[in-house]
Structures are given as C-alpha cells and as structure tokens.
Trainee: 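Below you'll find the structure I mean.
What you are looking at is a predicted structure, and each value in this text was computed from that prediction instead of being measured. Below, all heavy atoms of this structure are taken into account, side chains as well, without hydrogens, waters or symmetry copies. In what follows, every chain begins at residue 1, and chains take the letters A, B, ... in the order their sequences are listed.
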There are 2 protein chains.
Amino acid sequence: MPADPLDRSAAAPGPERAETGAEQETACQPDRFNRARAAQAATILEDYAEMIGDLIAEFGEARVTDIAHRMGVTHPTATKAVARLRREGLAISRPYRGIFLTDEGEALAGRVRARHRTVVDLLVAVGVPAETAEMDAEGMEHHVSRTTLRAFEDYLRQIDAPPGTESSSQD
Amino acid sequence: MPADPLDRSAAAPGPERAETGAEQETACQPDRFNRARAAQAATILEDYAEMIGDLIAEFGEARVTDIAHRMGVTHPTATKAVARLRREGLAISRPYRGIFLTDEGEALAGRVRARHRTVVDLLVAVGVPAETAEMDAEGMEHHVSRTTLRAFEDYLRQIDAPPGTESSSQD
DNA sequence: ACATAAGTGTAGCCACGGCTTCATTTCGGC
DNA sequence: GCCGAAATGAAGCCGTGGCTACACTTATGT
C-alpha cells in the first residue's frame, strides 16, 4: 500500500469530483439500493405469510410454536412477526388460538409460493443443483421484480417446449 | 371464511401433527431461513465494501459523504457502516480522513463485483431487460451461493460458445 | 377435579441500520 | 491569519428482528 494513503492532500485527483454529468449518471444508484432495502423489509412478512399458509394447508391452522419451529426462531420472535402481519392486515388471530390469514394474506402467500417455485425452476433450468436452488431461492426470490419473474416464466416456457417444435434452423 | 376459524377444538385434524418422519423432512427448513438471514446480514458489508472500492478506483479515496450519497443514506449511516467494516477488518480510516480497504476488504469487493456482473449477465441471458437486471441483481446477488455462481458461469460460457460449435457433441 | 405439561403472551435486552441534531475538524477564500 | 462553509464525528431516537426469562392460559392425564 502507499506510504500515507490517508492523507487527502495527495489523494483525490480533483476535489470537485466531476459533478457535471457524473451526478445524474450515479443518480440511479441510491435508488437501486433503496429498492433492495425495501425488498429486504418485505422479506420477513412474505416468508411468515407463506409459512402460515403452508401450516394451514397441512394442519388447518397455524400455531406460533410451529411457525417458530419451521422458521428456525424462538416463539416470541414468531409472535412478533404475527403481530406485524396483523398490523398489516395479512393475518388474524385471537389470544391462545391459532393464526389465520386474511384474504389479502392468503393472496400474498400464494404469490410468494408461486414466485418461489418459478425461481427454483429457473435456477434448476440453468444448471443449479436442486438442493442448492432451494437454498438460494429462499433469499433471492424476494428481490425478483415482476418484470424479472415474467422473464423467468417466459424462459421456462420456452425451454419447456419441445426443442424441434419451433426452432428456425434445422440443427 | 368458516364460522369460527379461531377455535382450535374444531380445527386441527390431529394434535400430534405427524411427528414421525415429517420432523426430519422439515428439519432443513430452519436452516434455509437461517442461511438467508445470514446472507442478508452480510449484505450491507458487501455493498459498502464494493462501493468504497469503486470510489477508490475513481477518486483515489472514499469519503463518507460520497459513500452516503451513492448508497442513498445520510452520512452518519455511512459512518456507522464504515465502523463495522473496520471492526471486521475490511477497511481502515483515520478521523477526518478518507476510508480505504484492507487487502481482505479489497478481495471481498472484487468478489462482490464479479458476482454482481455474473448475476446481471445471467439475468440478461434468460431474457431480463438490462435495466431490470441491474436493479434485481442488487438484492439477489447476496444470496447466490458459490455453487449457484459456478452454475451461472458455466451456463454463460455454454451459451456464449457458438451454437454450431459443439451442438452434436463433436469436439 | 386437579396437577402438570405444553403452548402462548409479555417484558426487556441486544445489535443493526436507518434517521436527526449538534459539536468538531478540515478546507478554502478573503 | 482568520472566518465561514463543508465534511466528519458523536450522541441519541426509532423500528426491526433476533434472544432470554418469566407469567399466564390451555390442554392433558390421572
């Protein structure tokens, strides 16, 4: 490393940092990160909603303990998450009773589940081992926009079609 | 909705919930979420490290204000992030001076940048518009495991090769 | 019917990652 | 050389999402 890299006087080529033009060039950058942050914030709600949907499908209701167990958290954490779901109008519950999803919550859970499947399928389609695909999709899915999701679906549909059906060239 | 969906007495088909077999079937579930959480925790460090690397490449140093501006956060937030980077041994800095990356930090930034490019390339390859790919990759990349990354690279290499070159397993 | 176990709720702690506000330092012009 | 502006640092607030510890309710078994 340089002798004194921390001395600004010799570091920056220009103090004004090319503010003309470079500013709007990097104007989209914060937006990207803000979108990523927003997606991350929605992640937990989406995961819990989907999980509750799964449990209801399996057992007819979702219990805090089961949610906590499957999410790998303690039960107070699950309780807090459920409280947030309630606040957002995604779930309903009564003290010491099971947790259920509102229509909105169910719709969300359905969308999340479908998206998850699509992401896993795409990963597998491009050569990711099934197990790894499941793992990675869990985190990735929350950042997949509608546009990207549709692109995935199109791609999967395309490669799903028999190769000889519509290939322009004989190959 | 049912008359009284919150009444457990009529809800669960069986209280014991098929603990035989189902337990180990869902044993991997918490792990999935834990991995996703861990990835999310590393997200900020990775993003800041890459950003600092970019700024150093551009200006010879990274300043808190610039980092904050590009990340779309206020400067105290950037300062805190830098503090964490320092704690993790990824960056060095002196009060009122620029921020620089350690060798480890630089290595991390390089890996992150390469991974980002690969993810964007793959998204584009399967039909995602370039701009959307940039957006979505920002969040997705942090959840791409080594295995998946290599699968992406293989896939890109494969489709990069001229379609007629090895179509019939000639070479 | 009651005791105990299991499930649930509540309170309070911590770290993180945003934020605002204010103090301090450095930089730059006069 | 000094003074103001810009940059940085430090303190403190808030919401989130983990956790532990403890209280309470429900369920279960004898």
Trainee: Rounded to the nearest 0.5 Å, what separation is found between the CD atom of A:Glu138 and the NE2 atom of B:His143?
Mentor: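 Output value for this atom pair is 9.5 Å.
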Trainee: Give a yes or no on whether the backbone of A:Val144 and the side-chain of A:Thr148 come within a donor-acceptor separation of less than 3.5 Å.
Mentor: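 Looks like no, no N/O pair under 3.5 Å.
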Trainee: What is the distance, to the nearest angstrom, from the CD atom on B:Glu61 to the C1' atom on C:dC27?
Mentor: 13 Å
Trainee: For residues A:Glu50 and A:His116, is any side-chain donor paired with an opposing acceptor at under 3.5 Å?
Mentor: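 There is no such pair (donor and acceptor under 3.5 Å, judged by atom type) between the side chains of A:Glu50 and A:His116.
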Trainee: Rounding to a whole Å, what distance do you find between B:Arg84:CZ and C:dA15:P?
Mentor: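 Result: 12 Å.
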Trainee: A:His69 has an atom NE2; how far is it from atom P of C:dG7, in whole Å?
Mentor: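 Distance check: A:His69 NE2 to C:dG7 P gives 11 Å.
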Trainee: Quick one: side chain to side chain donor-acceptor pair (under 3.5 Å) partners of B:Thr74, sequence neighbours excluded?
Mentor: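 B:Thr77.
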Trainee: Applying the side chain to side chain contact (heavy atoms under 4.5 Å, CB included) criterion to B:Ile67, which one of B:Met71, B:His69, B:Arg70, B:Arg63 satisfies it?
Mentor: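 Looking at B:Met71, B:His69, B:Arg70, B:Arg63, the match for B:Ile67 under the side chain to side chain contact (heavy atoms under 4.5 Å, CB included) is B:Met71.
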Trainee: A:Arg37 or A:Thr65: which one's nearest nucleotide on DNA chain C is closer to the 5' end?
Mentor: A:Thr65
Trainee: Consider only side-chain heavy atoms of I, L, V, M, F, W and Y, link residues closer than 4.5 Å, and tell whether B:Phe33 and A:Val82 are in one cluster.
Mentor: yes
Trainee: With respect to the phosphate group of D:dG9, does any side-chain polar atom (N or O) of B:Arg63 fall under 4.0 Å of OP1 or OP2?
Mentor: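 Answer no for this pair, as no side-chain N or O of B:Arg63 is under 4.0 Å from OP1 or OP2.
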Trainee: Can you tell me how far C1' of D:dG18 sits from CZ of B:Phe33, to the nearest Å?
Mentor: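 Interatomic distance, CZ of B:Phe33 to C1' of D:dG18: 15 Å.
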Trainee: For the pair A:Thr132 (side chain) and A:Val128 (backbone), establish whether a donor and an acceptor sit closer than 3.5 Å, ignoring hydrogens and angles.
Mentor: no
Trainee: To the nearest angstrom, how far is A:Leu85 atom CG from D:dG17 atom C1'?
Mentor: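 That distance rounds to 13 Å.
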Trainee: Is the phosphate of D:dT16 approached by A:Arg87 (side-chain N or O, under 4.0 Å from OP1 or OP2)?
Mentor: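 It does, given that an N or O in the side chain of A:Arg87 lies less than 4.0 Å from OP1 or OP2 of D:dT16.
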Trainee: Kindly say whether A:Ser93 contributes a backbone atom to a donor-acceptor pair with the side chain of A:Arg86 at under 3.5 angstrom?
Mentor: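 Yes: the side chain of A:Arg86 pairs with the backbone of A:Ser93.
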Trainee: Roughly how many Å is it from CE in B:Met71 to P in C:dG17, rounded to a whole number?
Mentor: 10 Å
Trainee: Would you mind reading off the distance between A:Leu55 atom CG and C:dG7 atom C1', rounded to a whole angstrom?
Mentor: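 Those two atoms, CG and C1', are 15 Å apart.
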Trainee: What is the distance, to the nearest angstrom, from the CD atom on B:Gln40 to the C1' atom on C:dG17?
Mentor: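 It works out to 10 Å between those atoms.
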Trainee: Are any side-chain N or O atoms of A:Arg115 and backbone N or O atoms of A:Leu149, one a donor and one an acceptor, separated by less than 3.5 Å?
Mentor: no
Trainee: Between D:dG9, C:dG7, D:dG17, which nucleotide gets closest to the side-chain atoms of A:Tyr96?
Mentor: C:dG7
Trainee: Mind listing the residues from residues 44-53 of chain A sitting with a heavy atom below 4.0 Å of DNA chain D? Number order is fine.
Mentor: A:Ile44, A:Tyr48
Trainee: In residues 74-81 of chain A, which residues come under 4.0 Å of DNA chain C by heavy atom?
Mentor: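 Hits under 4.0 Å, by residue number: A:His75, A:Pro76, A:Thr79.
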